[in-house]
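Chain identifiers are assigned alphabetically (A, B, ...) following the order of the sequence lines, protein sequences preceding nucleic acid strands; residue numbering begins at 1 within each chain. Model, not experiment: these values are computed from the prediction.
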Protein chains: 2
Amino acid sequence: MGRLANGGITLHPELMSTKDQIITAADILFYAGSIREVSVERIAEKAGVTKKTFYYHFQSKDELVATYLEARLKPTIERYQKWAGLEGALADRIERMFNMLAASAEKQTWKGCGFLRAAVELADSPGHPALAVARRHKAAFEEWLADDIRSAGFADAFSLARMIMVLLDGAVARMLVQKDPSYARDAAKAARLLLESQTARRPVYTD
Amino acid sequence: MGRLANGGITLHPELMSTKDQIITAADILFYAGSIREVSVERIAEKAGVTKKTFYYHFQSKDELVATYLEARLKPTIERYQKWAGLEGALADRIERMFNMLAASAEKQTWKGCGFLRAAVELADSPGHPALAVARRHKAAFEEWLADDIRSAGFADAFSLARMIMVLLDGAVARMLVQKDPSYARDAAKAARLLLESQTARRPVYTD
DNA sequence: GTCTATACACAGATAGAC
DNA sequence: GTCTATCTGTGTATAGAC
C-alpha cells in the first residue's frame with residue numbers, strides 16, 4: 001500500500017497548547033490521508049513532539065481519533081449553516097448549501113466528509129469511540145435541518161430532513177467515488193423537487 | 001486498533017481453483033472487516049494456502065483488492081435488478097429495490113456497499129487499481145437505471161438516474177453511520193416523489 | 001504450484017532519564 | 001511534560017526446497 005509524504009504544513013505552536021497542536025496535526029493528516037494509514041509517529045512528528053509526549057496526552061490512537069472527530073463537530077455544522085445562509089426561501093437556502101458543497105468538492109484538497117469516512121474506515125470495529133461521535137454529529141445535523149424546515153412552515157419536517165440528509169451523504173459519496181462534483185447539483189435539484197412536492201404552509205403569525 | 005477473529009466459514013476447495021478460493025476468502029474477510037485491516041496472512045489462512053502460494057497467484061495485495069471488487073461487479077448489479085424485478089410500474093419497482101435494500105441492511109452481516117467502502121478506504125491512494133473498478137461499477141449501475149427509466153417513458157431519464165444514484169448511495173451511507181435501516185425507506189419515498197414530479201410520458205407503441 | 005522459513009519495514013505503546 | 005531509546009507484534013513480500 002502506498003505512503004503519503006508529509007504535507008509540510010506548518011502549525012503555530014505559539015498559539016496552541018501541545019495537545020491542541022497534536023489534534024490539529026491529526027486533523028490535517030487524517031483528513032488528507034486516512035485514519036488507518038496515518039501513524040501516531042507521523043502525527044507526533046507534524047505536531048513537533050515525540051511519541052512519548054503524544055502518549056502523555058492521549059491514552060491511545062483510538063482516543064485521538066475520537067478527539068479529532070469531536071473537534072470537527074462544531075466547525076462542520078457551522079460551515080453548512082453559513083453555506084445555507086439566512087436570506088431567501090428555504091428551497092433556495094438548501095439549494096445554495098448543495099451548490100456550495102459542489103464548489104467545495106471541486107477543490108483538490110476535498111476528500112469527502114470526515115465523519116462518513118471515519119464511519120466507513122472503522123466499520124469493522126463496532127465499539128470504536130469515534131463511531132459514536134460520527135453518529136452524534138449526523139444526528140445533530142439532521143436536527144438542525146428539521147428545525148429549519150419546520151420554521152419554514154413545512155408540515156412533515158421530520159421526513160423531509162431525513163430525505164435531505166440522504167441526499168447530502170449521497171452527494172458526498174457519489175462525488176468521492178466518481179470524482180465528479182456535479183452530483184451535488186443533482187442532489188440540489190432533487191432537494192428542491194422534494195420540498196416543492198410538499199404543500200408549504202405559511203407560518204402563522206398570531207400577533 | 002481491534003482485531004477480528006476468523007469467521008470460521010468453511011470454503012469448498014473441491015469446487016474451486018486455488019485462485020478462486022483466495023478470491024472467495026478475500027471477499028468474505030474484506031466485506032466483513034475492512035481492506036486495510038485484513039492481512040494477506042489471514043486471507044491465505046482462510047483460503048487454506050500459504051503466503052507463498054498467495055504471491056504465486058497475485059502480484060500484490062493491491063492486485064487482490066482490485067480482483068475482489070471485480071468479482072463483485074456482476075453479482076451486485078444482478079442482485080439489485082432482481083430486487084427491482086420486472087413487474088409493475090417503474091416507481092413501484094424502484095421503491096421495491098429500496099425496500100429490499102432496507103431489508104438487507106437489517107441483517108447482522110450487512111456492512112454497506114463494498115465498492116463505496118473500498119473507495120472511501122482507499123481515498124488516500126488516488127492511483128489504486130480498485131478505485132477504477134468501483135467507478136466502473138457505479139457508472140454501469142447508473143446506466144442500467146437510466147435505461148430502465150428511459151424505457152418507462154420518462155423524459156429526463158439521465159437526470160433522474162443520477163438523482164436516484166445519489167439516493168441509493170446516500171441511503172447506504174446513512175444506514176452505515178446511523179445503524180438505522182429505515183433511511184432506505186426515506187430514500188424510497190424520495191425516489192417516488194421525484195419520479196412523480198416528472199410528467200410520465202406513456203411509451204409509444206407504433207404497431 | 002505449493003511448502004517452510006525469513007527478510008525488512010513499521011506499527012502502537014512503554015521504560016526510564018531529566 | 002518532554003526527551004531518547006526500545007520492546008513487541010504484525011505487516012507485505014521474498015528465498016529456496018520439493
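- In this entry the distance linking CG of A:Leu29 with P of C:dA11 reads 12 Å, nearest Å.
- Evaluation of the ring pair (Phe, Tyr, Trp, His ring centres under 6.0 Å) test over residues 165-196 of chain B, restricted to residues two or more places apart or in two chains, returns none.
- Here A:Ser60 does not reach the OP1 or OP2 of C:dG12: none of its side-chain N or O atoms lies under 4.0 Å away.
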Please produce a list of atom pairs where a protein N or O lies less than 3.5 Å from an N or O of nucleotides 16-18 of chain C.
residue, atom, partner, partner atom, Å
C:dG16, O6, A:Lys52, NZ, 3.3

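- Taking atom CZ on A:Arg42 and atom P on C:dG12, their separation rounds to 11 Å, with Å as the unit.
- Of the candidate nucleotides C:dG12, C:dT6, D:dT2, C:dT6 has the atom lying nearest to any side-chain atom of B:Lys51.
- For C:dT14, neither phosphate oxygen OP1 nor OP2 lies less than 4.0 angstrom from any side-chain nitrogen or oxygen of A:Tyr55.
- Atom CG in B:Leu64 sits about 15 Å away from atom P in D:dG11, given to the nearest Å.
- Nearest nucleotide to the A:Thr53 side chain, out of D:dT2, D:dT12, C:dG12: D:dT2.
- With C:dT2, C:dA13, D:dT12 as the candidates, the nucleotide lying closest to the side chain of B:His57 is C:dT2.
- Across the protein-nucleic acid pair, B:Glu63 atom CD and D:dT12 atom C1' stand 14 Å apart, rounded to whole Å.
- Distance, B:Glu45 CD to C:dT4 C1': 16 Å, rounded to whole Å.
- Using a 4.0 Å cut-off, no side-chain N or O of B:Thr50 falls inside it from OP1 or OP2 of C:dT4.
- Atom P of nucleotide D:dT6 and atom CD of A:Glu41 are separated by 15 Å, given to the nearest angstrom.
- Scanning for side chain to side chain contact (heavy atoms under 4.5 Å, CB included) contacts around B:Ile149 gives B:Leu90, B:Phe154, B:Ala157, B:Leu160, B:Ala161, B:Ile164, with sequence neighbours left out.
- One can place CZ of B:Phe58 at 12 Å from P of C:dT2, the figure rounded to the nearest angstrom.
- No more than 12 heavy atoms of other residues, nucleotides or ligands shown are found within 6.0 angstrom of CD on A:Glu41.
- The distance from atom NZ of B:Lys19 to atom C1' of C:dT2 is 16 Å, rounded to the nearest whole Å.
- Ranking D:dA13, D:dG11, C:dG12 by closeness to the A:Ser39 side chain, first place goes to C:dG12.
- The phosphate of D:dT2 has neither OP1 nor OP2 within less than 4.0 Å of any side-chain N or O from A:Tyr56.
- The closest side-chain heavy-atom distance from B:Gln21 to B:His57 is not below 4.5 Å.
- Qualifying salt bridge (charged side-chain N to carboxylate O under 4.0 Å, His left out) partners for B:Arg135, counting only residues two or more places apart in sequence or in other chains: none.
- Remark: A:Lys189 pairs with B:Asp156, B:Ser159, B:Met163 by the side chain to side chain contact (heavy atoms under 4.5 Å, CB included) rule, at least two apart or across chains.
- Residue pairs meeting the ring pair (Phe, Tyr, Trp, His ring centres under 6.0 Å) criterion with at least one partner in residues 29-49 of chain A, sequence neighbours excluded, are A:Phe30-A:Tyr68.
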